[in-house]
Amino acid sequence: MNKSNFFEKVYLKVKKIPPGKVTTYGLIAESLETKDARKIGWALHINKDPKVPCHRVVGKNGKLADGFGMGGWEEQKKRLLKERIEFSDEKHVDLGKHLFNKL
DNA sequence: AAAGTGACGCATT
DNA sequence: TAATGCGCCACTT
């Protein structure tokens, strides 16, 4: 049942993201003292916990994830828009205004 | 144990 | 600018 403590750490970080803010895989990876951003996305991919705002986690350049597990990046974008988060492109969040780097 | 996988990141072509 | 390759680290089979 417990995949690994690593996942919990990821979830913990993501859960700390306040509404209206976003963060990147790389930033979370650094917070966890690792270099692998892939693990972050992976942890969120298998995640089913609605308490984890995975839609607030984007790529380095604010890019949304193609493989979002609930309907694709379009669903993610919809949620972000709901939190007043602005987009610089269809698939890119405006990190300059909403980046949360105080994990 | 070895090989394969993965919602990324960065360098190079 | 876009596309491709390689690296990274933990998990699954």
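So that the names make sense, note that chain A is the first sequence line, chain B the second, and so on, each numbered from 1.
- Rounded to whole Å, atom C1' of dA7(B) lies 14 Å from atom NZ of K48(A).
- Ion pairing between E75(A) and R79(A) holds under the 4.0 Å rule for side-chain N and carboxylate O.
- Rounded to whole angstrom, the span from the NZ atom of K35(A) across to the P atom of dA10(C) amounts to 10 Å.
- For F7(A), taking side-chain heavy atoms from C-beta onward, the closest of the listed nucleotides dA7(B), dC11(C), dC8(B) is dC11(C).
- Computed from coordinates, the L44(A) CG to dC11(C) P distance equals 15 Å when rounded to whole Å.
- Considering only the side chain of F6(A), dA10(C) comes nearest among dC8(C), dA10(C), dA7(B).
- If you check every strand for non-hydrogen atoms under 4.0 Å, A37(A) touches sugar and phosphate atoms only.
- Taking atom NZ of residue K63(A) and atom P of nucleotide dA3(C), one finds them 11 Å apart after rounding to whole Å.
- If you take CG of N61(A) and P of dT1(C), they are 11 Å apart, rounded to a whole angstrom.
- Remark: side-chain polar atoms of N61(A) are not paired, donor with acceptor, to backbone N or O of K63(A) under 3.5 angstrom.
- In this structure, L32(A) places its CG atom 16 Å from P of dC8(B), rounding to the nearest Å.
- Put simply, the side chain of R38(A) and the base of dC8(C) share a donor and an acceptor less than 3.5 Å apart.
- Judged by distance alone, the side chain of Q76(A) and the main-chain N or O of H55(A) form a donor-acceptor pair under 3.5 Å.
- The residue from E90(A), E86(A), E83(A) that alone fulfils the salt bridge (charged side-chain N to carboxylate O under 4.0 Å, His left out) condition with K77(A) is E90(A).
- One atom, CD1 of I46(A), and another, C1' of dC8(B), lie 16 Å apart when rounded to the nearest Å.
- Checking dC10(B), dA7(B), dC9(C) against the side-chain heavy atoms of K60(A) singles out dC10(B) as nearest.
- At whole-Å resolution of the value, CD in E33(A) and C1' in dC8(C) are 16 Å apart.
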